[in-house]
S.K.: 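Pasting in a structure now, in structure tokens, and then I'll have a few things to ask.
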Amino acid sequence: MNLVVGIGLRSGTPYRELRDLVASALDEAGGGTVRLVVTVVGRETEPGVQRLVASLNAELQTAPAEVLGRQPVPTPSEKVEELAVTLSVAEAGVLLTGAELVVPKRRSAAATVAIGRLPVAGAGPAKASRATTPAPGYAPAEREVVHRVISERRDVRRGFVREPIPDDVLVRVLEAAHRAPSVGLSQPWDFLLVRDVATRRKVHDLASVQRDAFAASLPPDRRQSFDGLKIEAILDTPLNIAVTCDAGRGGRHVLGRHADPRTTWFSVAIAIQNLWLAARAEGLGVGWVSFFEPAEVAAVLNLPAHIELVGYLCIGYVEAFAATPELVRTGWAARRPLAWAVHQEEWGQRGLPGVAPTSILDDAVQARQNAVQTNSQQLVRLIVGGDPAQYLEQPEALVVHMHSEKPAADFGVLWRPARTPVEAVELGVELARDLALQGVGEFDIQIVERSELADAMARGLRVGASACGVTTVE
Ligand SMILES: Cc1cc2nc3c(=O)[nH]c(=O)nc-3n(C[C@H](O)[C@H](O)[C@H](O)COP(=O)(O)O)c2cc1C
């Protein structure tokens with residue numbers, strides 16, 4: 001008999017108490033194999049629960065308090081509400097899995113336990129549910145909230161109000177970050193809360209230096225637009241958070257990291273996104289500042305040498321959240337359509353699910369018919385082939401390197417190793433579209449190393465430009 005154990009508990013309940021309570025309930029159930037332990041979201045990190053689950057060799061599942069609270073149970077108890085927010089966590093947890101309740105709730109000093117029998121004999125919980133219907137998603141109104149917070153999250157740098165962030169709010173936001181997925185469950189992040197004004201001034205100074213350096217690297221018209229942008233709110237917010245990465249966390253054999261160490265940093269970035277979303281739901285604006293040499297910030301913050309900065313966040317309550325990104329509102333950049341980013345089966349077959357995929361060239365030829373000329377004066381000089389060193393001094397130059405070997409990294413050199421003329425045309429169209437999204441209004445195309453591939457790239461650039469209302473000169 002496959003069993004599920006539902007547990008409600010007070011924070012800090014010792015393992016021994018849980019073990020004894022579960023053992024007595026299992027006795028009453030008359031034996032069986034515990035496949036699953038269910039508790040309320042938030043209690044899964046309790047050491048007692050983790051040890052119990054390990055000793056039973058079972059799977060641990062959680063359910064949100066609201067969901068458990070909606071589950072009718074045979075033995076409701078108001079006392080449990082104090083323990084774990086919902087009426088019977090133990091019985092509701094069991095019943096939510098589709099199990100039949102075989103031992104109703106029993107309690108110890110700080111915990112409650114109920115036992116259920118899983119529906120399919122001989123199968124674990126995952127198999128049982130897969131054999132029937134898929135697990136339900138959220139109700140439409142709940143789903144709507146998830147999508148709302150995703151679309152209404154903004155990078156905020158202006159309009160902060162002088163109001164402190166209560167500790168309980170901040171803890172909720174940090175808990176969301178800390179619940180992020182991570183490679184091998186290595187949880188490589190830490191959150192350094194920085195409130196001290198003197199420290200923040202030093203960090204602000206570092207950002208100012210980088211701001212000036214970036215401004216100096218821009219062509220004059222782009223620089224003018226950049227001067228009107230605010231890129232940080234380090235001193236305008238009550239709190240800064242440095243989110244860091246410990247690349248060695250978890251030791252040698254972290255599951256899933258061995259082949260791709262980047263996954264450690266990805267995990268930290270996901271934690272930041274969780275934080276960002278949870279903050280938005282609390283009405284807190286967050287601005288991510290990356291105008292830094294990370295090591296310089298690490299030095300100001302006196303981080304240990306093995307700890308790296310991933311994100312520096314400025315957080316506070318705001319007057320309002322804009323409906324669109326500031327870079328869109330100011331015309332600095334535009335959003336890329338989703339259909340450009342989705343490929344079906346083969347790279348280059350673009351289109352949304354349910355729509356026949358098209359090649360980027362066909363798409364651009366079609367788009368030319370309705371293209372509106374952009375009024376941007378921003379010029380990019382596209383140098384196809386040639387020695388980058390000759391051009392990198394010019395801020396408006398972008399050298400397109402089409403050979404198969406990767407060039408030395410430099411944002412002034414774009415590696416587009418086309419294998420065939422068709423691919424070169426497509427890469428040209430894509431480049432044109434990408435640059436138009438970054439506010440470019442004019443291309444000056446110069447083919448320095450003539451070849452069939454270079455000509456094809458230039459053709460693609462011209463088609464892409466006319467599809468986006470960008471002027472070309474050659
Ligand atoms: C990794 C990362 C670094 C960023 N660095 C900065 C920054 O230094 N300054 C800034 O003003 N915005 C920064 N942003 C915010 C982006 O400009 C912003 O996310 C983008 O324009 C989209 O706007 P939205 O976040 O409001 O949707 C950063 C965002 C990310 C994800």
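We count ligands from 1, going down the list as the structure has it; atoms in each ligand are counted the same way.
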S.K.: Decide, yes or no, whether a salt bridge links E144 with R148 under the criterion of side-chain N to carboxylate O below 4.0 Å.
M.R.: no
S.K.: Quick check against the 3.5 Å criterion: does N240 have a side-chain atom that pairs as donor or acceptor with the backbone of I234?
M.R.: yes
S.K.: Under the 6.0 Å and 45° cation-pi test, does R462 pair with F443?
M.R.: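 No - R462 does not lie over the ring of F443 by the 6.0 Å and 45° rule.
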S.K.: Sort out for me which residue in K230, R157, R158 forms a salt bridge (Lys or Arg N to Asp or Glu O under 4.0 Å) with D236.
M.R.: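 The option that passes is K230.
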S.K.: Indicate yes or no: does E423 engage R416 in a salt bridge with an N to O separation below 4.0 Å.
M.R.: no
S.K.: Report yes if the distance between the aromatic ring centroids of Y312 and F292 is under 6.0 Å, otherwise no.
M.R.: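 Yes, the ring of Y312 comes within the 6.0 Å limit of the ring of F292, centre to centre.
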S.K.: If the criterion is any heavy atom closer than 4.0 Å to an atom of ligand 1, which residues make the list?
M.R.: R153, R154, D155, R157, K230, I231, W288, V289, S290, F291, P325, L327, R335
